[in-house]
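Residues: numbered from 1 along the sequence shown.
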Amino acid sequence: MANPGEETHDHTVYLRALARRYPNPAAVLAELTNLESILTLPKPTVHVVSDVHGEHVKLRQVVNNASGSLRPLLARLFGDRLDAGELDDLLTMLYYPRETYQALPDGEPRRAAVRRFVGHAVTVIRELARRYTLKHVERIVPDPFDATVRELLFGGELAREPAFLDGLIAPFFRHDRDLELVRMVARIVRNLSVGELVVAGDLGDRGPRLDRVIEILEQQPSVAITWGNHDASWMAACLGHPAAIATVVRLSLRYQRLGQLEEGYGISLAPLERLARDVYGDDPASRFEVKGEPAGDPRLLARMHKAIAIIQFKLDGALFRRHPAWELEGRDLLRRIDPATMTVDVDGQRHPLLDDRWPTLTWDDPDALSADEQRCLDELRRGFVASSTLWRQMSFVASHGKMMLRRDRCAIFHGCVPVDADGALLPLVVDGAPRRGKALFDALEVVVQRAFRKRRPDDLDTLYYLWTGPRSPCFGKDRMATFEGHFVADPATHHETKNPYFALLHDAGFCDRILRELGVDDPAGFIVNGHVPVKLDAGETPVKRSGRAVTIDGAFSAAYGDKGFSLVLDATRMYLAQHYHFDGAAAAVATGADIIPTVADLEIYPRPRTVADTERGDELRAEIAALEELIAAFETNLIRPA
C-alpha cells in the first residue's frame, strides 16, 4: 500500500502533466469558462441508426436531412417567407449542394440562387449555433474561412452595410468558386444539425457498398459506432483471418455485392472464379443461386458461391475444434456427414443432403482444404491484407467503435447481454478469465484494439467468435444455420434460437438490472439495440412492453424491407423517426424527393435537458475538478506557471 507521501508525489506528477496543456492560471481560467458554460447548453442532438447493411444512398439522405428534422426547422424559420416549392428547393440545396447547383441555369440566375441560398443558410446556422459554444461552431467551419463565416453570422447584429456582406462572397463568384461556397455552407448546416451520429452496428453486407457507408461516416464531425457481428467479421477479414475472409466473400456473392470488394477495396475475386471453373465446372450448384437478378453468368456465380461456402465450412470446423471452450464442435457439420448415405447429423437427427457433390472433401479429414482451395484462399488473403482502403476503413471502425455506449440515459449496443432463461449473466472466457455483463464488454474492447495492434491469432479468433458465437453480445443466437439452409430441407433445422435476453426485454425489472450493470442508474433509463429486425408488417413494435427498451433495426436495408429507424435523443424529447425508400440524389434534385419520416415520441421531457444532465456533464465536471486543483497548485507555487 502506497504511503501518503507517494500518493502526493504521484498526484503532483499528474498535475505537472496537465500543466503542459494549461501552462498558467490564465490558460486554466479560459478553459474553466469554456467548460462551465458548456454545462448550461442544451444537450447536443444524438441520432442513432443501426443495421445500415451497406445502404449508403439511404444513409446519406438520413444524415443530410438529420433524420427528417431539418424540414420542420426550416418550415418554422421560413414558413411566412417561402412557399412549399421554395422550401423544397432550399432543402435540396442543403442536402445535395453539388447536384442542385449543377442543375441551375448558368449566369445571373445561378448567382442569384446562390445569394438567396447563402442568406437562408446563414439564418439556419445562426439558429442551430444556439445549441453550441462559438468555439465548437468554429471547429465545424473549414479553415481558413472561419472569419468569413463569423462575419456572415454576425453581420446583422453589427449593422454591417449590405455592400460589406456582398463583398464577403463576391470573390467566390469572380473566381468561379461559388460552388465551393455553397457546399461549405450546406455542410456547416448539416454538421450542426446532428450533434453526434451513432451507428449501433452492422455497417455492411446485404446492401450494395460497405465502403461508401464508411466514407459517409468518415466525413461526419462526431460519429461513434457500437460493433455488430457483421462489423466483427469485416474487421477480422481485414486483419487476414481466413474464416472471416471466406465469410465476407460468401455474403458478397450471395447478395451480389461484388462492387464493394472489387471497386471499393481493390480485391480481385479471380482466384475464386478459377476455383469455381476448375473444380465446380460441371456442378449446377442449384442450392447456391445468388439473390436477385444475376449480373453475370448465373451458373458461374452459383459455383463461386458454393466454392467459398465449402471453404468457410471447413475453416469454421477446424476453428471450432481448436477452441473447445466455445462448445461449438457440434457445429462442425462436415464431420457429421455420412458419405455412404449422404445424410448429415444435426442435433442427433439424420437428414438427407440436398446436394451430393463434394469435389474437394476428403472424408477422413473433411475440414482439410484441398490444394486448389488453399491456393485460392492464400490469394484472397493477400488481397484483403494488401488493401490500403480496407485497412483505413476498418481502422476507423475499430478506433470509433465500442461494444456499448452510454448517451444521456440510454445504453446503446448492437445485440444483447448474454443471459440464461432466468436473466442471470452468462460468462464467456476472454483472456483466460470468465467475463459477464459490462466486464465482458470491456474485455472484448481490449481484444479488438489489441488485434489491430498485434494481430495475435487468438485475438483474431475472438473477433470471429463475435460474428457467430452463441455468447457473443454481437450475435446472441445458438447457431448460424447457413449450412442447413443450403443442404437440409427440414425447415426446423434452419431455426436459430435467440438468447433469452431478447424475450426478457419485455420485463421492466430485467431492463433495470441490465441498465445498472451497464452504468445507467436512472429510473428512466432506456436500452437501445439493433440486430433483430422489427417485423412491422407482422404487427411488431420497436418499443418493448417493458417501456424500457427499444429495437431500432427497422429493416434499413432493401434486402430486409427498405424502411429503418432513427432514434433521436434531443434536448426536449426522445423520439423514433421511421424512414422509407429513397431513390437518391438525382430524384431529390429532379422532383424534390425526400425521406419524410413518421415520427413517434417516446418521451417528452418536463424541461429541456442540458449537457450537465448527461454523461458528458459527468466528464466535464471531472475535468473542472482537475483544473481547479491545477490552478490551486499554481496559486500555492506547488507548480510554477510557464
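Side chains of Thr468 and Lys477: no donor on one and acceptor on the other come within 3.5 Å.
Using cut-offs of 30° and 60° for the angle between ring planes, the Phe475 and His531 rings count as perpendicular. Ring geometry for Trp234 against Tyr265 counts as tilted: the plane angle lies between 30° and 60°, on a 0 to 90° scale.
Remark: aromatic rings of Phe565 and His579 are distant, center separation not under 6.0 Å.
Using a cutoff of 4.0 Å between basic side-chain nitrogens and carboxylate oxygens, Lys306 and Asp355 are scored as salt-bridged.
Taking the side chain as every heavy atom from C-beta outward, His323 and Leu328 never approach each other to under 4.5 Å. Residues Pro473 and Val417 fail the side-chain proximity criterion, which asks for heavy atoms closer than 4.5 Å. In this structure, the side chains of Pro366 and Lys314 stay at 4.5 Å or more apart for every pair of heavy atoms. Residues Leu353 and Val344 have side chains in contact (heavy-atom distance under 4.5 Å, counting atoms from C-beta outward). Considering only heavy atoms from C-beta on, Asp372 stays 4.5 Å or farther from Thr360 through its side chain.
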For this session: Dump the intermediate steps for side chain to side chain donor-acceptor pair (under 3.5 Å) on Asn529 and His414, then the final yes or no.
Result: CA-CA 5 Å; Asn529 295 143; His414 177 70; over 6 Å; no
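Partners of His494 according to the ring pair (Phe, Tyr, Trp, His ring centres under 6.0 Å) rule, which considers only residues two or more places apart in sequence or in another chain, do not exist here. Residues passing the salt bridge (charged side-chain N to carboxylate O under 4.0 Å, His left out) test with Arg190, sequence neighbours excluded: none.
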